[in-house]
Amino acid sequence: MKNLKTYASVLTLAVASIGTAAQATDLIYGSYLSPEHGNNKFGMERFMEEAKTVSEGSLSFQFIPGGALVGAKTTLEGIRDGIVDGGIVVSLYHASDLPYNSVITNLTAFGGDAAVVAGATNETTLLNCPQCMEEWANWNVKHLGAYSTSMYKLLCAKEVTSIEDIKGWRIRAAGATGRWINHLGATPVNIPVTDTYEALQRGQVECTVGSLSWLKTFSLGDVAKYVYDLPSGAYFGGSIANINTNRWDSLSDIEKKAIIAAAPKAVSGATVMGYIGDDVEYAETGAAADGITINTPSEEEMAMVDEYRKTEADLIIKMAQDAGIEGAEEIVNAFLANLEKWEGIIAEIGHDPAKYEEALQREIYSKLDM
């Protein structure tokens with residue numbers, strides 16, 4: 001019954017768009033996140049508005065957030081099958097389906113300044129990794145941009161004053177971040193972020209790795225009153241700017257150019273205005289108001305983080321090669337080189353969204369073919 005209702009909803013939206021077909025190409029985008037989440041408010045909505053403007057109204061969008069059409073684990077299939085024309089794909093839920101993209105996503109330990117990481121991720125995927133783009137195409141997805149979260153910390157229901165406190169705990173951690181949690185002596189639990197509130201509330205996990213702003217955007221501050229400011233990677237490499245390939249092929253050249261021109265808005269909005277901006281705002285005003293205690297790791301623990309990073313690149317390459325992924329070393333090396341390049345760019349322009357979008361356009365999107 002639920003599936004019937006979902007498809008009925010899509011049919012209703014499609015029928016409703018027929019009346020305006022002569023005026024605009026109507027695209028349906030879905031998101032599993034709430035309307036107020038930065039990925040939606042600053043990323044998806046700015047992307048759609050820019051595409052509409054650049055196309056001079058030839059493109060129009062219907063945006064359905066909150067998981068009404070597609071969920072965190074079903075968006076990839078939803079785009080492939082035409083349930084939605086685009087949406088936010090969390091690639092770490094599809095590691096076996098997107099193995100080349102997962103090589104990049106697995107480099108989670110190199111998460112840091114989200115603007116740097118998103119720049120490096122997109123340059124690597126869109127310009128340096130044809131295997132990555134072929135994977136998306138095989139899923140009927142025209143991928144045009146990924147975001148990066150801010151640096152993950154430990155958000156906990158119990159106070160943490162040292163790594164010793166979490167040994168034996170269950171900590172929500174997806175993908176390669178689970179390896180870091182194992183390294184700390186805890187047990188990773190792989191559940192969607194949208195299920196984390198309930199897991200913390202019921203004591204199914206003691207902590208989650210996540211961005212500070214999650215305490216607000218996912219309301220985790222109600223159940224996780226303690227933050228241990230231990231750098232614990234980040235998530236990057238999913239798709240926030242994309243479109244079903246069949247729909248892409250049906251667009252005019254003007255409409256395609258508008259979609260590409262709008263992609264930097266999605267990347268910048270979700271990454272800089274969303275994750276970076278939301279973290280800063282919550283640290284300055286929200287944390288104290290919500291009664292959040294933030295504890296800082298020792299110098300020895302921070303040194304351990306640095307040591308862990310030194311081994312990660314070689315480990316990711318070996319894991320990929322063992323899985324039969326050819327060219328993994330070239331992908332990792334390209335990402336690390338791009339990371340250094342974007343560190344230099346961000347050192348010059350900072351986190352100004354407009355300047356960041358200009359840099360993305362200059363370094364990446366101006367070089368894409370339709």
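For the numbers below, each heavy atom of this structure counts, side chains included, while hydrogens, waters and symmetry mates do not.
- Residues Asp26 and Ser60 have side chains that bring a donor and an acceptor to within less than 3.5 angstrom of each other.
- The aromatic rings of His94 and Trp139 sit tilted, their planes meeting at an angle between 30° and 60°.
- You'll find the ring centres of Tyr29 and Phe61 inside the 6.0 Å limit.
- At least one donor-acceptor pair under 3.5 Å links the side chain of Glu206 to the backbone N or O of Arg170.
- Between Pro188 and Trp180, every side-chain heavy-atom pair lies at or beyond the 4.5 Å cut-off.
- A donor and an acceptor atom, one from each side chain of Asp249 and Thr245, are nowhere located under 3.5 Å apart.
- For Lys153, the side chain to side chain donor-acceptor pair (under 3.5 Å) partners are Asp229, not counting sequence neighbours.
- Looking at Asp279, its side chain does come within 3.5 Å of a backbone N or O of Ser213 through a donor-acceptor pair.
- There is a side-chain donor-acceptor pair under 3.5 Å between Tyr228 and Glu301.
- Partner Phe47 forms a side chain to side chain contact (heavy atoms under 4.5 Å, CB included) with one of Leu144, Ile259, Ile240, Asn242 and no other, that one being Ile259.
- Under the 4.0 Å criterion applied to side-chain N and carboxylate O atoms, Glu348 and Lys355 are not assigned as salt-bridge partners.
- Although no hydrogens or angles enter the test, the distance criterion places no donor-acceptor pair under 3.5 Å between the side chain of Ser31 and the main chain of Asn40.
- The side-chain heavy atoms of Ser232 and Leu154, taken from C-beta on, include a pair separated by under 4.5 Å.
- Of the N and O atoms on the side chains of Thr208 and Thr196, not one donor lies less than 3.5 Å from an acceptor on the other residue.
- Thr124 places a side-chain heavy atom less than 4.5 Å from the side chain of Ile104.
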Criterion salt bridge (Lys or Arg N to Asp or Glu O under 4.0 Å) on Arg309 and Glu312, from CA distance to verdict
CA-CA 5 Å; Arg309 283 180 179 152; Glu312 273 295 275; over 6 Å; no

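- Residue pairs meeting the disulfide (SG to SG under 2.5 Å) criterion with at least one member in residues 195-266, sequence neighbours excluded: Cys156-Cys207.
- A heavy-atom distance below 4.5 Å is found between the side chains of Asn39 and Tyr147.
- Within the 6.0 Å centre-distance limit, the rings of Tyr308 and His183 are counted as a close aromatic pair.
- Gln201 is not listed as a side-chain neighbour of Leu220, based on a closest heavy-atom distance of 4.5 Å or more.
- Between Arg80 and Glu77 there is no salt bridge, since no side-chain nitrogen of the basic residue lies less than 4.0 Å from a carboxylate oxygen of the acidic one.
- Separating the CG atom in Asn122 from the CZ atom in Phe236 is a distance of 11.5 Å, to the nearest 0.5 Å.
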Salt bridge (Lys or Arg N to Asp or Glu O under 4.0 Å) evaluation trace for Lys318 with Asp322:
CA-CA 6 Å; Lys318 184 179 185 305; Asp322 289 346; 2.8 Å; yes

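- Using a 3.5 Å distance cut-off with no hydrogens or angles, the side chains of Asn295 and Thr161 do not pair a donor with an acceptor.
- Taking the charged nitrogens against the carboxylate oxygens, Glu358 and Arg362 have no contact shorter than 4.0 Å, which rules out a salt bridge.
- Legend: residues meeting side chain to side chain donor-acceptor pair (under 3.5 Å) with His37, ordered by chain and number and at least two apart, are absent.
- With hydrogens and angles disregarded, a donor-acceptor distance shorter than 3.5 Å links the side chain of Ser366 to the backbone of Gln361.
- Side-chain contact, Ser55 with Glu255: no donor N or O sits under 3.5 Å from an acceptor N or O.
- Note that CD1 of Ile345 and CD of Glu340 are 11.5 Å apart. Values are rounded to the nearest 0.5 Å.
- Note that CD1 of Ile83 is 13.5 Å distant from CD1 of Ile64, once rounded to the nearest 0.5 Å.
- Side-chain atoms of Asn101 and Ser91 form no donor-acceptor pair, as typed in the model, at a separation below 3.5 Å.
- Among residue pairs with one or both ends in residues 280-370, none qualify as disulfide (SG to SG under 2.5 Å); sequence neighbours excluded.
- Other residues, nucleotides and ligands contribute only 12 or fewer heavy atoms inside 6.0 Å of the NZ atom of Lys216.
- Looking only at side-chain heavy atoms (C-beta outward), Leu230 and Leu184 come within less than 4.5 Å of each other.
- For the atom pair CE of Met319 and OG of Ser102, the computed distance is 10.0 Å after rounding to the nearest 0.5 Å.
- Side chain of Asp85 to main chain of Ile28: a donor-acceptor pair is present (N/O by atom type, distance under 3.5 Å, no hydrogens or angles).
- In this structure a side-chain-to-backbone donor-acceptor pair under 3.5 Å is missing from Tyr226 to Ile294.
- By the rule that hydrophobic residues join a cluster once side-chain heavy atoms approach within less than 4.5 Å of another member, Leu251 and Leu368 end up as members of one cluster.
- No side-chain donor-acceptor contact under 3.5 Å links Tyr235 to the backbone of Gly111.
- One hydrophobic cluster, built from ILVMFWY side chains closer than 4.5 Å, cannot hold both Met151 and Leu107; they sit in different ones.
- In this structure, the separation between CH2 on Trp248 and CG on Asn140 is 13.5 Å, given to the nearest 0.5 Å.
- The backbone N or O of Leu127 lies less than 3.5 Å from no partner atom in the side chain of Lys367, so there is not a single donor-acceptor pair.
- Side-chain contact check for Asp290 versus Leu215: every heavy-atom pair is 4.5 Å or farther apart.
- With rounding to the nearest 0.5 angstrom, the CG atom of Asn333 is 11.0 Å from the CG atom of Asn128.
- Here Lys225 does not pair with Glu159 in a salt bridge; the nearest charged N to carboxylate O distance is not below 4.0 Å.
- Under 4.0 Å is where a charged nitrogen must lie from a carboxylate oxygen, and between Glu49 and Lys265 no such pair does.
- Counting only residues at least two apart or on different chains, the disulfide (SG to SG under 2.5 Å) pairs with a member in residues 93-134 are Cys129-Cys132.
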Output, in order, the C-alpha distance, side-chain angles, deciding distance and verdict of side chain to side chain contact (heavy atoms under 4.5 Å, CB included) for Thr125 and Tyr100.
CA-CA 9 Å; Thr125 303; Tyr100 280 97; over 6 Å; no

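- Between the side chain of Asp195 and the backbone N or O of Ile191, no donor-acceptor pair lies under 3.5 Å.
- Although no hydrogens or angles enter the test, the distance criterion places no donor-acceptor pair under 3.5 Å between the side chain of Thr74 and the main chain of Val70.
- Heavy atoms from other residues, nucleotides or ligands lying under 6.0 Å from CD1 of Ile349 number more than 12.
- Two residues are said to be in side-chain contact when any heavy atoms from C-beta on lie closer than 4.5 Å; Arg172 and Gln204 fail this criterion.
- By the neighbour-count criterion of 12 heavy atoms within 6.0 Å, atom NZ of Lys52 is sparsely surrounded, having that number or fewer from other residues, nucleotides or ligands.
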Under 3.5 Å, which donor-acceptor pairs do the side chains of residues 268-278 form with other protein atoms, sequence neighbours left out?
from: Ser268; atom 1: OG; to: Glu357; atom 2: OE2; distance (Å): 3.1
from: Thr271; atom 1: OG1; to: Ser148; atom 2: N; distance (Å): 3.3
from: Thr271; atom 1: OG1; to: Val267; atom 2: O; distance (Å): 2.8
from: Tyr275; atom 1: OH; to: Trp214; atom 2: NE1; distance (Å): 3.4

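- For Lys257, the NZ atom is loosely surrounded, since the number of other residues' heavy atoms within 6.0 Å does not exceed 12.
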